[in-house]
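Each remark here refers to the structure printed beneath this line.
Order of the sequence lines sets the chain letters (A, B, ...), proteins ahead of strands, with each chain counted from 1.
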Protein chains: 4
Amino acid sequence: MEIAKHTTKRDQQAEERRGQLIDVALELFSEKGWENTSIKDLAEAGGVAPGLFYHYFENKEDLLLAVFERHGFKAELEKVVFPAYERPASEVLLEVARAYFKLLDRKHRLVRIFVREAMTNPNLEERWIEQCNDTVNLLARYLAARVAAGELRPHNTQMSARMLTHPIVMLHLTGGSADELESLVQCLMEGINN
Amino acid sequence: MEIAKHTTKRDQQAEERRGQLIDVALELFSEKGWENTSIKDLAEAGGVAPGLFYHYFENKEDLLLAVFERHGFKAELEKVVFPAYERPASEVLLEVARAYFKLLDRKHRLVRIFVREAMTNPNLEERWIEQCNDTVNLLARYLAARVAAGELRPHNTQMSARMLTHPIVMLHLTGGSADELESLVQCLMEGINN
Amino acid sequence: MEIAKHTTKRDQQAEERRGQLIDVALELFSEKGWENTSIKDLAEAGGVAPGLFYHYFENKEDLLLAVFERHGFKAELEKVVFPAYERPASEVLLEVARAYFKLLDRKHRLVRIFVREAMTNPNLEERWIEQCNDTVNLLARYLAARVAAGELRPHNTQMSARMLTHPIVMLHLTGGSADELESLVQCLMEGINN
Amino acid sequence: MEIAKHTTKRDQQAEERRGQLIDVALELFSEKGWENTSIKDLAEAGGVAPGLFYHYFENKEDLLLAVFERHGFKAELEKVVFPAYERPASEVLLEVARAYFKLLDRKHRLVRIFVREAMTNPNLEERWIEQCNDTVNLLARYLAARVAAGELRPHNTQMSARMLTHPIVMLHLTGGSADELESLVQCLMEGINN
DNA sequence: GATGAATGAGCCTTCATTCAT
DNA sequence: AATGAATGAAGGCTCATTCAT
């Protein structure tokens, strides 16, 4: 006699369908960009009627937002950083740098859409800033731990975290290579002063 | 056989008109973005007929390229960096950082269009990478000079230049404040190692 | 063999539900017009699923018809006219005019939907003509009674009834004021000839 | 050497084209109603591209407005009323009534669109009220003249004008016949009082 | 009875671009 | 050089209606 099960079969199916539509969108957006992907394209690729998208999403923009909602980088980076808290920065930073760079590479096209639309769409801009800050903070906390551990000298760890992650993003965006990451970490550790 | 003798009066006028159209475009693109500015908008703002744009530019994309052709940052930065070759990095870097940040701020909306379209348009991407590299190289050469002068220790100055400029770009893009630049420079100079 | 014995409880509930849906429709149609009210809107406002409407009504037009089925003006006007049969037209006509005008005002938005859709939809046109004629006839019969009573001179009472009601409808539709009704009645009574 | 002739050939052609598009619209709107006529329909019927409509009209609504701009009834009625100023109302009113009725009949479908959209669209409502008032005023002035001439007794001629025109409109809208107009005029002249 | 996922045709509108004048 | 009328494809979105559950 349970009238309101917590998730009915139908709800499940609906949720699955929603997920499927997002996946289709991720695919096409990555290939052709957000603006160059029409709802009709999406519908065809998903094997559904165009109208259905408006059953699950308010907007084409809403759909874009939903795509990013499911594809944050934070979780993936945490997997690299969290286990490293006890290990020295001299080792860890290079690993993190490489992992981050590789992550960006893997999500290459999605990143570009993200950045692109963030330049224009306030909602997306907010998320993109959040995303960047999350990454910075994740690393900053680790660095602070290493300061506390006496490995690093006391300093503004927020900024040093930026000095690692921001160049990586820009390197990725401007076609730089992963080989340069060693220099990056070394410079960060030692500074350039004589 | 000289078809193009010297610059005729007519050529001058044509060049002026072209420049004027670019200025109008700069204005509107900055306000509303490239994609949201129609040729008709431009024509109205410029007080000319829509068709005229196609005398001076191949198409709308060409116009966008022409806009950036005239508005590189390089020259402005050079004015700050060149006179500083003899002065110590400890002073100069902060000045440069601030100047760069301020420059980005001044051209705020144009930068966003630039980045945005670069994510999508190969031609623009090329220019945006160039632009970034120009900035990096400009600074790298100065840093190399300071290494040679014995102020800085020998290192990969390309990378240290990146570590100054890239965080600034990202800071600007993610709403950071100019107040953080001191930490940036200090970290770069001293490193974070104990 | 009695399939429809008497009204079962279930029938009652169904009828109630039907009535409730009509009320919701009346509300929304009045607010936004028939064409601008979607089944989804109605469903939301009524707290039911869209599909349910198709259990109670053939289609959206049918629903519109059902709305007017329940909201004729005749009954309301009869209440004013019937008790007046013995009283003189010189008094009664002004009362009726005012009552009618007020009635239209009260149902302002519904009247507009009615008129609007009648211009296009033959079914509705029929009802609207009926409605108008009912009103005219109601009044015409009263006037005939007053002719019989010797108060009014013999004439085409159908037409005089029109000359009272039609200007009122038009007055209402074109933003006229109730203050003009006195002139209307006086003109009707006395004529304009010298 | 006239640079700005008052109307160039091109302007003329443009104006003609505009007129042609309005004519097409009048045709189709009359046949199928405004809302049921798509821009595509109009374009096909006019042998032009859909986009061209937006060169000449802001909107689909604007187009509707333009249609009515060109098809007011006032001028036609004036032709009947103006020459009659010196003639007695006893003759003229019936002529006018018949002319008005015939006019409405001739523009039958257009009138319905007009009324229909006026119920919903504030801009059109305004014009429809104007139109009605123009007709009323035109007649009211004539009646006032006949009062001055001593033919009619002094009275509110605005209202008597309404009492002629409004029933005619309603008669037309509710399927009445022209035969009833005599009664109408007679009632108006003589009144119904004994 | 009731739900709500799914359909799919259709609409208004925009806009880069062309071309006769 | 300059105009602006004309094109026509494409796009986001709405919505009455159906039907499996």
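A heavy-atom distance below 4.0 Å to DNA chain F is reached by these residues of residues 14-23 of chain B, ordered by number: B:R17.
Below 30°, between 30° and 60°, or above 60°: for B:F29 and B:W34 the angle between ring planes is above 60°, a perpendicular geometry. Ring orientation note: the planes of B:F114 and B:F68 are close to parallel, at an angle under 30° on the 30°/60° scale.
For the pair A:H55 and E:dA5, the criterion of a side-chain N or O lying under 4.0 Å from OP1 or OP2 is met.
Among pairs with a residue in residues 39-50 of chain A, those fulfilling salt bridge (charged side-chain N to carboxylate O under 4.0 Å, His left out) read A:K32-A:D41, at least two apart in sequence or across chains. Applying the salt bridge (charged side-chain N to carboxylate O under 4.0 Å, His left out) rule to pairs touching residues 12-29 of chain A yields A:E15-A:R70, sequence neighbours excluded.
Here the C1' atom of nucleotide F:dC15 and the CZ atom of A:F53 are 18 Å apart, to the nearest Å. Across the protein-nucleic acid pair, A:D11 atom CG and F:dT21 atom C1' stand 13 Å apart, rounded to whole Å. Between C:E44 atom CD and F:dT14 atom C1' there is a gap of 14 Å when expressed in whole angstrom units.
Under the side chain to side chain contact (heavy atoms under 4.5 Å, CB included) rule, A:L64 has a single partner from A:I113, A:N59, A:T37, which is A:I113.
If you check every strand for non-hydrogen atoms under 4.0 Å, C:Y56 touches sugar and phosphate atoms only.
For the pair D:L173/C:M119, a side-chain contact is recorded, criterion being any heavy-atom separation below 4.5 Å from C-beta on. The side-chain heavy atoms of C:Y56 and C:I22, taken from C-beta on, include no pair separated by under 4.5 Å. Looking at heavy atoms from C-beta onward, B:L42 lies in side-chain contact with B:L63 at the 4.5 angstrom threshold.
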If you restrict it to nitrogen or oxygen atoms, what contacts under 3.5 Å exist between nucleotides 11-15 of chain E and the protein, and what is each distance?
from	atom 1	to	atom 2	distance (Å)
E:dC12	OP1	D:K60	NZ	2.4
E:dC12	OP2	D:I39	N	3.0
E:dT13	OP1	D:N59	OD1	3.2
E:dT13	OP2	D:Y54	OH	2.8
E:dT13	OP2	D:K60	N	3.2

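Panel note: side chain D:R116, backbone C:A118; no donor-acceptor pair is recorded below 3.5 Å.
B:H71 meets the ring-ring contact (aromatic ring centres under 6.0 Å, His included) test with no other residue; sequence neighbours excluded.
Where pairing requires Watson-Crick or G-U contacts shorter than 3.5 Å, the helical stems of DNA chain F with at least three consecutive pairs are E:2-21 with F:2-21.
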